[in-house]
Amino acid sequence: MSRSEPVEASNFIRNIVEKDVAAGKNDGQVVTRFPPEPNGYLHIGHAKSICLNFGTAGRYDGRCNLRFDDTNPARESEEYVEAIKDDVSWLGFEWSELRHASDYFDELYEFARELIRQDKAYVDSSTAEEVREMRGSLTEPGTPSPYRNRSVEENLDLFQRMKEGEFDDGEHILRAKIDMASGNINMRDPTLYRIRKVHHVRTGDKWSIYPMYDYTHCVSDAIEGITHSLCTLEFEDHRPLYDWVLDELKTPCHPQQIEFARLSLEYTMLSKRRIIQLVEDGHVHGWDDPRMPTIIGMRRRGYTPASLRDFCERIGITKNDAWIEMAVLETCIRDQLNKEAPRRMAVLDPIKVTITDLPEDHEQIFSFANHPQDDSAGTREVPFTREVFIDRDDFAEVPPPKYQRLVPGGEVRLRGSYVIKCEEIIKDDDGQVLELRCTHDPDTLGKKPEGRKVKGVIHWVSATHGIPAEVRLYNPLFTLPDPTKADSLAEAINPESEVVLSSCVVEPALQQASAEQHFQFERIGYFVADRRDHSAEKPVFNRTVTLRDTWAK
RNA sequence: UGGGCCGUCGCCAAGCGGUUAAGGCACCGGGUUUUGAUCCCGGCAUUCGGAGGUUCGAAUCCUCCCGGCCCAGCCA
């Protein structure tokens with residue numbers, strides 16, 4: 001292999017799966033699952049897991065299930081399961097089967113009775129407080145519960161009565177009987193079932209006991225024939241328990257749990273708890289606020305499924321606690337939109353330019369390519385008139401060094417049109433520029449000007465044909481690369497994270513824009529018609545990302 | 001003197017005893033360009049957290065040390 005050929009980066013999970021497939025383990029099958037708890041909206045960190053699970057299965061012609069880990073009815077809701085399904089589909093993945101942990105409640109209950117019969121589980125009637133005290137600490141072993149040696153018969157009886165609702169929340173729990181002195185606290189007789197007299201969306205009031213994650217997850221994996229159970233690093237020391245349950249239960253298959261590092265993204269918070277807080281405290285407008293790291297928020301911001309998948313591929317899968325720079329994400333969306341987004345002109349902060357040597361009723365229709373490198377994207381018509389708008393920062397009375405735009409007495413190219421020269425500045429009483437009066441060189445349409453160089457090119461919109469629009473600019477939601485380092489959430493919020501511009505003018509072709517359509521506003525950035533607020537009557541565009549800008553601002 | 005895990009370029013990340021230590025992002029040049037965009041070309045780790053050791057040969061094996069992350073829910 002020559003060194004110049006790009007090599008597809010592997011990752012340790014791919015290597016393990018590859019080896020297993022080659023060795024014929026699990027009959028060469030690969031079965032994974034994406035197992036969210038339906039207690040919130042998915043975010044970019046989940047996208048990493050989704051791409052890993054669906055991607056790994058897809059790579060080896062395997063299957064990937066979508067499984068809702070709905071074992072805690074107190075905090076889960078149907079709204080979230082629907083949202084999660086939408087997000088996974090939108091990302092471009094199809095689950096092999098849609099399952100719920102609650103589908104297995106009966107089996108789970110029977111397996112638990114089996115553990116009791118084997119004297120591997122017991123009903124503990126201690127209070128939550130007592131259980132915590134008896135668990136010991138990180139450095140001290142725990143002490144056995146006084147209920148640890150209840151007879152199998154008594155445990156079976158109590159467990160059944162727990163199930164039948166005879167007891168109140170907290171009166172008893174079912175615990176695994178493992179090792180109260182284990183260095184791994186998860187092995188100090190972990191809770192398997194707790195009493196929760198809560199209505200469950202799918203099982204209704206059938207159950208008054210609900211199984212815990214550690215017990216449910218491994219059994220669910222085994223029931224579904226999962227071969228590789230991929231989860232994040234914090235579950236590493238749960239793996240001995242995962243294996244213990246499956247070994248004791250002698251399930252027909254024993255999936256391999258493999259852990260990888262969760263995503264950390266600069267200027268972003270990716271913990272469900274904090275994301276909920278952003279919404280509840282009103283720091284953002286909702287779960288789908290374009291500044292949110294949620295899939296639905298990023299979608300509204302203008303990120304595409306392909307760009308998110310590309311991102312997940314680029315960041316890799318390891319066990320390192322890595323912090324990804326925003327630039328990686330931005331590159332992914334720019335890469336895709338550069339190839340696909342039609343170009344348009346939009347003026348965000350308009351100043352009127354009158355081309356004085358053109359007649360009042362001058363009107364010319366230009367045909368502009370929708371894409372400079374892709375003829376198949378076609379063309380659109382752009383009207384040119386005596387009065388146009390340009391962006392305020394494309395004119396400078398006192399230009400900074402290397403400024404290539406319009407200055408008093410200077411020339412600039414109106415993109416796709418003529419070279420104009422600024423002859424006169426009209427200001428209001430406060431010194432604010434109201435209008436620029438310019439002349440044009442009629443011999444510069446599609447031609448370089450004679451005898452001089454005009455370096456700058458600026459975008460514009462006909463003042464008579466342009467249409468008003470609202471444009472929302474988005475910046476990082478937080479001012480700190482790691483916002484959790486701030487004293488409070490409020491303190492970490494970037495006050496400039498959302499800037500709403502309500503008097504923008506965009507070219508007429510944008511009148512046809514439909515919600516969720518992507519564009520490049522030339523020289524500015526990539527924008528998307530807002531999926532909620534945009535309409536032909538009141539166009540609203542969100543800035544997805546700026547264009548790369550190598551000019552020191 | 002609890003247990004588990006991680007340290008390869010500014011940020012990611014390949015590498016699995018013999019390579020001039022991949023690639024991407026970022027950055028720095030230079031060229032093309034009616035988007036300061038795109039595109040193209042070039043540069044960017046004598047060194048793999050540190051110190052010892054094993055070996056003809058170590059980022060890869062061993063030992064110790066240093067730094068970082070996770071765990072004491074009847075959450076997931």
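In the text below, chain A, chain B and the rest are named by the order of the sequence lines, each starting its count at 1.
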Select base, sugar-phosphate, or nothing to describe what [X] touches, counting heavy atoms under 4.0 Å on all strands.
X: A:Asp169; answer: nothing
X: A:Ile324; answer: sugar-phosphate
X: A:Arg75; answer: base
X: A:Ile173; answer: base
X: A:Phe235; answer: base
X: A:Ser125; answer: nothing
X: A:Met187; answer: nothing
X: A:Ala327; answer: sugar-phosphate

State whether [X] places a side-chain N or O below 4.0 Å from either non-bridging phosphate oxygen (OP1 or OP2) of [N].
X: A:Thr71; N: B:C75; answer: no
X: A:Thr191; N: B:C74; answer: yes
X: A:Arg135; N: B:G73; answer: yes
X: A:Arg273; N: B:A76; answer: no
X: A:Thr318; N: B:A13; answer: yes
X: A:Thr127; N: B:C74; answer: no

A:Ile185 vs A:Glu266, nearer the 5' end of RNA chain B by closest nucleotide: A:Glu266
Given RNA chain B, 5'-ward residue of the pair A:Asn186 and A:His217, judged by closest heavy atom: A:Asn186
Searching all strands shown, indicate the nucleotide that pairs with [N] (Watson-Crick or G-U wobble; both distances under 3.5 Å).
N: B:U55; value: none
N: B:G42; value: B:C28
N: B:U34; value: none
N: B:G2; value: B:C71

Would the [X] and [Y] ring centres measure less than 6.0 Å apart?
X: A:Tyr122; Y: A:Tyr147; value: no
X: A:Phe384; Y: A:Phe366; value: yes
X: A:His200; Y: A:Phe105; value: yes
X: A:Phe235; Y: A:Phe260; value: no

Nucleotides 32-39 of chain B: protein proximity per nucleotide (B base, S sugar-phosphate only, - neither; heavy atom, under 4.0 Å): --BBBBB-
Determine the interplanar angle of the [X] and [Y] rings, folded into 0 to 90°, and report it as parallel if under 30°, tilted if 30 to 60°, perpendicular if over 60°.
X: A:Phe521; Y: A:Phe527; answer: parallel
X: A:Phe541; Y: A:Phe519; answer: perpendicular
X: A:Tyr193; Y: A:Tyr215; answer: tilted

Please state how far atom [atom1] in [X] lies from atom [atom2] in [N], giving the value in whole angstrom units.
X: A:Glu234; N: B:A72; atom1: CD; atom2: C1'; answer: 16 Å
X: A:Phe311; N: B:C11; atom1: CZ; atom2: P; answer: 16 Å
X: A:Tyr210; N: B:C74; atom1: OH; atom2: C1'; answer: 14 Å
X: A:Glu133; N: B:C74; atom1: CD; atom2: C1'; answer: 15 Å
X: A:Asn320; N: B:G68; atom1: CG; atom2: C1'; answer: 11 Å
X: A:Tyr213; N: B:C71; atom1: OH; atom2: P; answer: 14 Å
X: A:Asn11; N: B:G24; atom1: CG; atom2: C1'; answer: 15 Å
X: A:Asp321; N: B:A13; atom1: CG; atom2: C1'; answer: 15 Å

Any donor-acceptor N/O pair under 3.5 Å between B:G4 base and A:Asn184 side chain: no
Taking the [atom1] atom in each of [N] and [M], what is the distance between them to the nearest angstrom?
N: B:C6; M: B:A14; atom1: P; result: 13 Å
N: B:A59; M: B:A37; atom1: C1'; result: 40 Å
N: B:U32; M: B:A22; atom1: C1'; result: 29 Å
N: B:A26; M: B:C62; atom1: P; result: 38 Å
N: B:C16; M: B:U60; atom1: P; result: 12 Å
N: B:U8; M: B:A51; atom1: P; result: 16 Å
N: B:C64; M: B:U20; atom1: C1'; result: 33 Å
N: B:G50; M: B:C41; atom1: C1'; result: 40 Å

Mind listing the closest non-hydrogen atom pair of [X] and [Y] along with its distance?
X: A:Ile178; Y: A:Met187; value: CB-O, 3.3 Å
X: A:Lys447; Y: A:Arg413; value: O-NH2, 2.8 Å
X: A:Gly40; Y: A:Ile84; value: O-CD1, 3.8 Å

Closest listed nucleotide, where the reference is the side chain of A:Asn72 and the choices are B:A76, B:C74, B:C5: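 Nearest to the side chain of A:Asn72 among the choices is B:A76.
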Candidates B:A76, B:A13, B:G4 - which lies nearest the side chain of A:Glu236: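 The answer is B:G4, which lies nearest to the side chain.
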Anti/syn call for B:G43, syn if |chi| within 90°: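 It is anti.
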Summary of salt bridge (charged side-chain N to carboxylate O under 4.0 Å, His left out) pairs that have at least one residue in residues 336-350 of chain A, sequence neighbours excluded: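 Sorted result for residues 336-350 of chain A: A:Asp349-A:Arg392.
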